[in-house]
Structures are given as structure tokens and as C-alpha cells.
Amino acid sequence: QVQLVESGGGLVQPGGSLRLSCAASGSIFTVESMGWYRQAPGKGRELVATITTGGSTNYADSVKGRFAVSRDNAKNTVTLQMNSLKPEDTAVYYCNARLSLQETSWFVSNYWGQGTQVTVSS
């Protein structure tokens with residue numbers, strides 16, 4: 001069993017900053033990558049940023065230069081630093097982990113957190 005717990009969401013004015021954190025716990029064998037996705041009202045879930053165990057990152061074009069994703073591999077945590085926030089960043093942000101369990105170390109699957117609300121409004 002794996003649990004992903006997000007924290008750090010909230011209400012912020014345009015131009016402000018927030019930092020989201022996510023911790024994965026459970027019988028984890030290996031983690032390929034962790035990251036963040038978001039879903040705005042009436043829209044599908046989209047990639048925000050991901051990072052592999054080796055440190056390779058991938059960002060949505062809309063957040064490049066404003067957001068930064070980092071990871072502590074030893075603690076299975078991922079952090080998203082969000083700066084210069086815009087109203088269009090408003091969404092529920094979901095933590096994602098692509099990992100395998102100890103019991104089935106050869107099988108890699110996606111796991112999701114419950115989501116944390118980020119609202120950017122003046």
C-alpha cells in the first residue's frame with residue numbers, strides 16, 4: 001500500500017508564491033519519478049512538472065521559469081516551488097508517483113494523492 005499526502009495549497013494573490021510538498025509512504029521498492037499534475041474546473045488533468053530519481057525534470061510550457069520541482073529521494077518527497085503565480089494557475093494540484101511495491105518490484109504503476117487546492121485571485 002502507498003499513500004501520497006500533499007500540503008501547502010491555499011489562496012494567494014497574483015504574483016505571489018506557494019510551495020507544495022508531497023510525501024510518499026508505504027511498502028515502496030523503487031520510484032521512477034514523482035511530480036505534479038493539476039486540474040482546473042471544467043478541464044482535464046494536465047502535467048505541471050515531474051522529476052526522475054536521476055534528477056531529470058519536465059515542465060509544462062506554461063510554468064517554465066516560474067515553477068521549480070525538486071525531490072528528496074531518500075525521503076520519497078517532492079516539492080513544487082511556485083512563483084509569480086497567475087490566475088490561470090488556479091486548480092487542484094495532485095501529487096503523482098510512478099513506483100513499484102516491495103511485493104511486486106517488477107511492476108511499476110501510478111499512484112495519486114488526494115489533491116490540494118491552489119487559488120490565485122485578486
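Reckoned from all heavy atoms, side chains included, excluding hydrogens, waters and symmetry mates. We count residues from 1, following the sequence as given.
- The minimum heavy-atom distance between Leu99 and Leu101, with the atom names listed, is CD1-CD2, 4.0 Å.
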Would you please test Val69 and Thr50 for side-chain contact (heavy atoms from CB on, under 4.5 Å) and show each step? CA-CA 7 Å; Val69 64; Thr50 61; over 6 Å; no
Just do the side-chain contact (heavy atoms from CB on, under 4.5 Å) check on Met82 and Val120 with the steps written out, would you? CA-CA 11 Å; Met82 304 185 294; Val120 184; over 6 Å; no
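- Annotation: side chain to side chain donor-acceptor pair (under 3.5 Å) contacts involving residues 101-114, sequence neighbours excluded, comprise Asn96-Asn110.
- Annotation: side chain to side chain donor-acceptor pair (under 3.5 Å) contacts of Thr30 (sequence neighbours excluded): Ser100.
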Name every donor-acceptor pair, under 3.5 Å, that has one atom in a side chain of residues 7-24 and the other anywhere in the protein, sequence neighbours excluded.
| from | atom 1 | to | atom 2 | distance (Å) |
| --- | --- | --- | --- | --- |
| Ser17 | OG | Asn83 | OD1 | 2.9 |

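- With a 6.0 Å radius and a threshold of 12 heavy atoms from other residues, nucleotides or ligands, Glu88 has its CD atom above the threshold.
- Nearest heavy-atom pair across Gly115 and Val92 is CA-CG1, 3.8 Å.
- Nearest heavy atoms, Glu6 versus Trp36: CG-CZ3, 3.7 Å.
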Evaluation steps, side-chain contact (heavy atoms from CB on, under 4.5 Å), between Asn73 and Val31: CA-CA 8 Å; Asn73 292 333; Val31 178; over 6 Å; no
For Phe67 and Leu85, run side-chain contact (heavy atoms from CB on, under 4.5 Å): C-alpha distance rounded to whole Å, both residues' side-chain angles, the deciding distance at 0.1 Å, then the answer. CA-CA 9 Å; Phe67 292 8; Leu85 284 161; 3.8 Å; yes
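- Contact detail for Arg71 and Glu32: the closest heavy-atom pair is NH1-O, 3.8 Å.
- Residues in residues 36-82 take part in no disulfide (SG to SG under 2.5 Å) pair, two or more places apart or across chains.
- Contacts of Lys43 classified as salt bridge (charged side-chain N to carboxylate O under 4.0 Å, His left out), with partners at least two apart in sequence or in another chain: none.
- Proximity of Cys95 to Val78: side-chain heavy atoms (C-beta onward) are separated by under 4.5 Å at one or more points.
- Each of Val108 and Val2 belongs to its own hydrophobic cluster when Ile, Leu, Val, Met, Phe, Trp and Tyr are linked at side-chain heavy-atom distances under 4.5 angstrom.
- Smallest separation of non-hydrogen atoms from Tyr37 and Arg45: CB-CG, 3.7 Å.
- Minimum interatomic distance between Ala49 and Tyr59 (heavy atoms only, all atoms of both residues): CB-CD2, 3.5 Å.
- For the residue pair Thr119 and Gln117, a side-chain donor N or O sits within less than 3.5 Å of a side-chain acceptor on the partner.
- With sequence neighbours left out, Arg66 forms a side chain to side chain donor-acceptor pair (under 3.5 Å) with Asp89.
- Under the 4.5 Å side-chain contact rule for hydrophobic residues, Ile51 and Val48 share a cluster.
- Leu80 and Val118 fall within a single hydrophobic cluster, where Ile, Leu, Val, Met, Phe, Trp and Tyr are joined by side-chain heavy atoms under 4.5 Å apart, directly or via other members.
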